[in-house]
Asks: 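Starting off with a structure, shown below.
Per chain, numbering begins at 1; letters A, B, ... match sequence-line order.
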Amino acid sequence: MPPDPIQVRYAGGIHLPGMDLWLDPHRAKSTAFVSHAHADHFAKHETIICSERTHALIRKRYGAPKSKVIPLAYGERYGFNEDYHLYLLPAGHIFGSAQIYLTRISDGATLLYTGDFKVRQSYSAELIEAEKADTLIMETTFGLPHFRFPPTEEIVASIVKFCRETLEENEIPILFGYSLGKAQEILAALTDARLPVMLHKTVYDMTTVYEQFQETLPEYTKLDFKAPGGHVLIMPPSVGRSQAVRRLRNTRTAMLSGWALQSSAIYRYQVDAVFPLSDHADYPGLMEYVARVQPKLVYTLHGYAAEFARDLREQGTEAWSILTDNQLDLDLAVDREIGEIRRDSQESRVDCEVAVLSDVSQAVAETTGKRKKTELLANYFRTLSPANLQRATLFLSGKIFIEPTQRRALGTGWAVVRKALLKVSGMNLARYRDISQAQSDAGRTTFLVLNGVTRPTAVSLTELEDVFVSLANAQGPVAKNEIICDVLGRLHPSEGRLVVQILTNDLRIGLKEGLLEEAIAQAFEQPVATVREAHMLLGNLGQTAAAAHAKTLNTLSLQPFTPVKCMLASPEPTAVAIWDRLGCESNEVWLEDKLDGIRAQFHCVDGRTELFSRDLRSLEGEFPEVIQAGQAFQDNMVLDGELIAYAEGKKLSFFDLQKRLGRKRLNGDLFFGEAIPVRFVAFDLLWCNGHSLLKEPLVERRRLLDELDLPEHFAIVPVEKAANADAIEDAFKQARLRDNEGLIAKDPQSPYALGRRGKSWLKLKKAMATLDVVVVYAEQGHGKRSHVLSDYTFAVRDTETEQLLVIGKAYSGLTDVEIEDLTEHFTKHTLGKSGNKREVEPNVILEIAFDSINPSKRHNSGYALRFPRIKAIRQDKTIDDIDTLANVRKLAEG
DNA sequence: TGAGGAACATC
DNA sequence: GTCGGAG
DNA sequence: CTCCGACGATGTTCCTCA
């Protein structure tokens, strides 16, 4: 009578309930077997069983673990408890990697768990050993029959050939392989070739550990970015996109991975070559291994687990994927390490317009270098019909609507999208969080969450546009959620990723509008400047692309009721600086008060009037009285100006004006009763009675502006002319007395530069006193700051209660280095955590600059700062030196 | 019904 | 609005 | 020099949930 198999279950990791032992669990457990030293297999378990070599690697890499470690030599028998004993066998994956062999003493039942393994002899890892076992739990990363690696010598020979040829052409070969295991395997494999090798720091560090156990490594040096020439560089894939590596010229890159067998690999890794050097077993290897173990029952996991299990069953061995549903957890960790997407579901990909667009987007994201990006895009643009060209350029610029004036918000932020992703994938929130935290990249997260759960169909760009429009029209998150679920369910994860990126307005593919302009110019052989100009005039890349395609760019001009991108001013700290920049040219600077309102463009032709905001939105609903009053203008014109809150004899501020922003409903009494009165103060004239004035100098535009008869609610900003820095300084003081922010200085000879933050308009703002505050909370940032604590909440002291009261947050003003230093500091001085926010010891003093202090409900000090920025980290000060609430109050009132 | 959150837009 | 960083 | 990303406060709207 054969014994019952040792019970196995899966619960976020493999668990053997009979002995309460976990095998390579992702999260910290009481007792766990750690098969090898890759980071994803190593959590803070209370007790860790691992090979003594793995233990050495872990110690070197992460320092001595706090866990209790039971290091075992291969074959060393260990009595786990009264009923179970175990020993480890080499797994051949990386140095020190082990399988675990368990025996239940009472009935002799046995179980073998492989961890990651390889059957072939490798250069840097022990040769695998197999033993007969009743139950086998094995990894099946390459569990499809077509994964057959060529003989290792052939692979190595081709790698060496690649390196030699690259060096002969005076270029630098770069080999990408994971810093622990793969990199040393490559290094060892290169021994006979006698090529000079440089190792990236992370690889170098791990290699020094290897060296203690291995005599056959060739000579190597640490990567010197200044003189890499003539060397073979080995580095982990993750640093391949780093600045330092990108800066290296004349490189040829190669990825070393089992996935190289797939034809899409070169494209996916964005390298010049791929070689199938793997530390996993290929399909024949997996089969051979099963034959050696002769198991009665097999559980498979990782990669093509279900497929491989099916193949085994067909051969008469009972085999099951341990739980396809849970694969992601384990695969994910590996993905993160080696920068791969495990399951390549290209086969299920449907060739459609959206798929092509997402490929282009992905390629742009992965391409470094402007020229390559624009060329890629230009080639793509040329293949599109005019209508699809509009859509594609819009979507790639993260926009949705072709007509700028019909632009509406989608109302789909991360909250809505996350809900939809959970629904489509059936994933629970905890797992989703794991993925999103591990990735800290919205696109990759989306891909992984959707991977394998959607039924891709062909979707055209028109259909996608329809989805966006219906999203904009849908009312409420519930309705939007449904639409998103529907479209994601019909898309391949690669396409789903793009759609989510567009929905959340977070494309992040290193594609700015400027680059798209260049691509459009290149695609249709137009000068970039012309395309750019057209974009400013049309306010929309879709239309710009269409015009470039139709070769009608030159016929474009400023048209009333088509808002244009407005000219902006650059900040300048002092009057002297302004004079230096503008004065020398024409010996005169024109000064206007910098009004604190909202920028607006007023269009008027024959009594029809329109008002647009700075980003070309119609302000129709918000300021109807201005639009109405403007109908009294006798002339046809386009004005540039500022909408301000204004009442005779009463000081009104931006704060007052904000109450009217974003309003959809204006009750009757809103502007006749208590409403904040408003006026449009013009400072420029862009078009007048049929003529564009953009190219005219400011003097001329202003002359015409001054001739206009102004209706109610309209005014023109006064100009003062200054002939030296002192006069500017003086005017600045006057402007402040008038409660304005400061000055705008203009070159009277300058044309109107659409959309430019140029040097013809400069702004001088008032600098307030600064505040010394202490940081009380620190938070993780986003995007490129997702790995640092870049968000600081700070407080002042209330001398009455001796409490620290929060007055604001800031990150702006610190350099990357300072943020890194502070991250380290706050990590060490954390008092408590809730979510991403951590309370920190109040021992970092910041000097904060700001524009004003206002009463606020947001922070418990009752005050908030406008435009807070960090001026300095005051290492010379302590918490005793920070500003007091009384001080703040004084500044707020003063 | 009212508080609270998300999304968006303005600076 | 602010700022630092990269091309 | 110019663009871009990653950040600040605050207002309204709209929806959800207790």
Asks: Between residues 848-857 of chain A and DNA chain D, which residues have a heavy-atom gap below 4.0 Å?
Replies: P855(A), S856(A)

Asks: With a 4.0 Å cutoff (strictly under), does any side-chain N or O of K765(A) reach OP1 or OP2 of dT2(C)?
Replies: yes

Asks: Measuring to OP1 and OP2 of dA6(D), would you say a side-chain N or O of S812(A) lies under 4.0 angstrom away?
Replies: no

Asks: Just to verify, what does F395(A) make a ring pair (Phe, Tyr, Trp, His ring centres under 6.0 Å) with, not counting sequence neighbours?
Replies: F468(A)

Asks: Taking side-chain hydrogen bond (donor to acceptor under 3.5 Å, both in side chains) as the test, write out the residues that go with D506(A), two or more places apart.
Replies: R508(A)

Asks: Using whole Å, report how far CG of D816(A) lies from P of dG4(C).
Replies: 11 Å

Asks: How is L865(A) classified with respect to the nucleic acid when contacts are heavy atoms under 4.0 Å: base, sugar-phosphate, or nothing?
Replies: sugar-phosphate

Asks: Taking only N/O atoms, report every protein-nucleotides 2-5 of chain D pair under 3.5 Å with atom names and distance.
Replies:
from   : atom 1 : to      : atom 2 : distance (Å)
dC4(D) : OP1    : E513(A) : N      : 3.2

Asks: What residues, two or more places apart in sequence or in another chain, satisfy salt bridge (charged side-chain N to carboxylate O under 4.0 Å, His left out) together with R581(A)?
Replies: E572(A)

Asks: Within the 4.0 Å heavy-atom criterion, would you say L814(A) contacts the bases, only the backbone, or no part of the nucleic acid?
Replies: sugar-phosphate

Asks: Quick one: N505(A) CG to dC7(D) P, roughly how many Å, whole number?
Replies: 16 Å

Asks: Between dT10(D), dC7(D), dC15(D), spot the one nearest the side chain of P477(A), thanks.
Replies: dC15(D)

Asks: Could you check how far NZ of K480(A) sits from C1' of dT13(D), rounded to whole Å?
Replies: 12 Å

Asks: Atom CG of L471(A) and atom P of dA7(B): how far apart are they, to the nearest Å?
Replies: 13 Å

Asks: Taking the nucleotide of DNA chain D with the nearest heavy atom to each, does K809(A) or K419(A) sit closer to the 5' end?
Replies: K809(A)

Asks: Could you give the CD1-to-C1' distance, from I676(A) to dT10(D), as a whole number of Å?
Replies: 14 Å

Asks: Roughly how many Å is it from CG in L771(A) to P in dG8(D), rounded to a whole number?
Replies: 18 Å

Asks: Can you name the side-chain hydrogen bond (donor to acceptor under 3.5 Å, both in side chains) partners of S812(A), sequence neighbours left out?
Replies: none

Asks: Keeping to residues at least two apart or across chains, list the salt bridge (charged side-chain N to carboxylate O under 4.0 Å, His left out) pairs with something in residues 811-823 of chain A.
Replies: R785(A)-D816(A)

Asks: Would you say NE2 of H859(A) has more than 12 non-hydrogen atoms from neighbouring residues, nucleotides or ligands within 6.0 angstrom?
Replies: yes

Asks: Which residues pass the salt bridge (charged side-chain N to carboxylate O under 4.0 Å, His left out) test with K399(A), sequence neighbours left out?
Replies: E513(A)

Asks: Provide, to the nearest angstrom, the distance between the NZ atom belonging to K373(A) and the P atom belonging to dG7(C).
Replies: 11 Å

Asks: Tell me, please, which residues at least two apart from E592(A) pass side-chain hydrogen bond (donor to acceptor under 3.5 Å, both in side chains).
Replies: K746(A)

Asks: Can you tell me how far C1' of dT10(D) sits from NE2 of H859(A), to the nearest Å?
Replies: 11 Å

Asks: Check salt bridge (charged side-chain N to carboxylate O under 4.0 Å, His left out) between E465(A) and all other residues, then give those that pass, not counting sequence neighbours.
Replies: R391(A)

Asks: Using the closest heavy atom to pick a nucleotide of DNA chain D for each, name whichever of G662(A) or Y863(A) lands nearer the 5' end.
Replies: Y863(A)

Asks: Think R679(A) forms a cation-pi with Y646(A), using NZ or CZ under 6.0 Å from the six-ring centre and within 45 degrees of its axis?
Replies: yes

Asks: Restricting to side-chain hydrogen bond (donor to acceptor under 3.5 Å, both in side chains), what partner residues turn up for K871(A), sequence neighbours left out?
Replies: none

Asks: Show the distances under 3.5 angstrom between N or O atoms of the protein and N or O atoms of nucleotides 8-11 of chain B.
Replies:
from    : atom 1 : to      : atom 2 : distance (Å)
dC8(B)  : OP1    : G411(A) : N      : 2.8
dC8(B)  : OP1    : T412(A) : N      : 3.4
dA9(B)  : O3'    : R617(A) : NH2    : 3.3
dT10(B) : OP1    : S613(A) : OG     : 3.2
dT10(B) : OP1    : R617(A) : NE     : 3.1
dT10(B) : OP1    : R617(A) : NH2    : 2.6
dT10(B) : OP2    : D615(A) : OD1    : 2.7
dT10(B) : OP2    : D615(A) : OD2    : 3.2
dC11(B) : OP1    : R599(A) : N      : 3.0

Asks: Need one value for R869(A): base, sugar-phosphate or nothing, where a base atom within 4.0 Å counts as base even if backbone is also close, heavy atoms only.
Replies: sugar-phosphate

Asks: Using salt bridge (Lys or Arg N to Asp or Glu O under 4.0 Å), reason through R532(A) and E518(A) one step at a time and then give a plain yes or no.
Replies: CA-CA 8 Å; R532(A) 219 155 254 172; E518(A) 284 179 40; 3.6 Å; yes

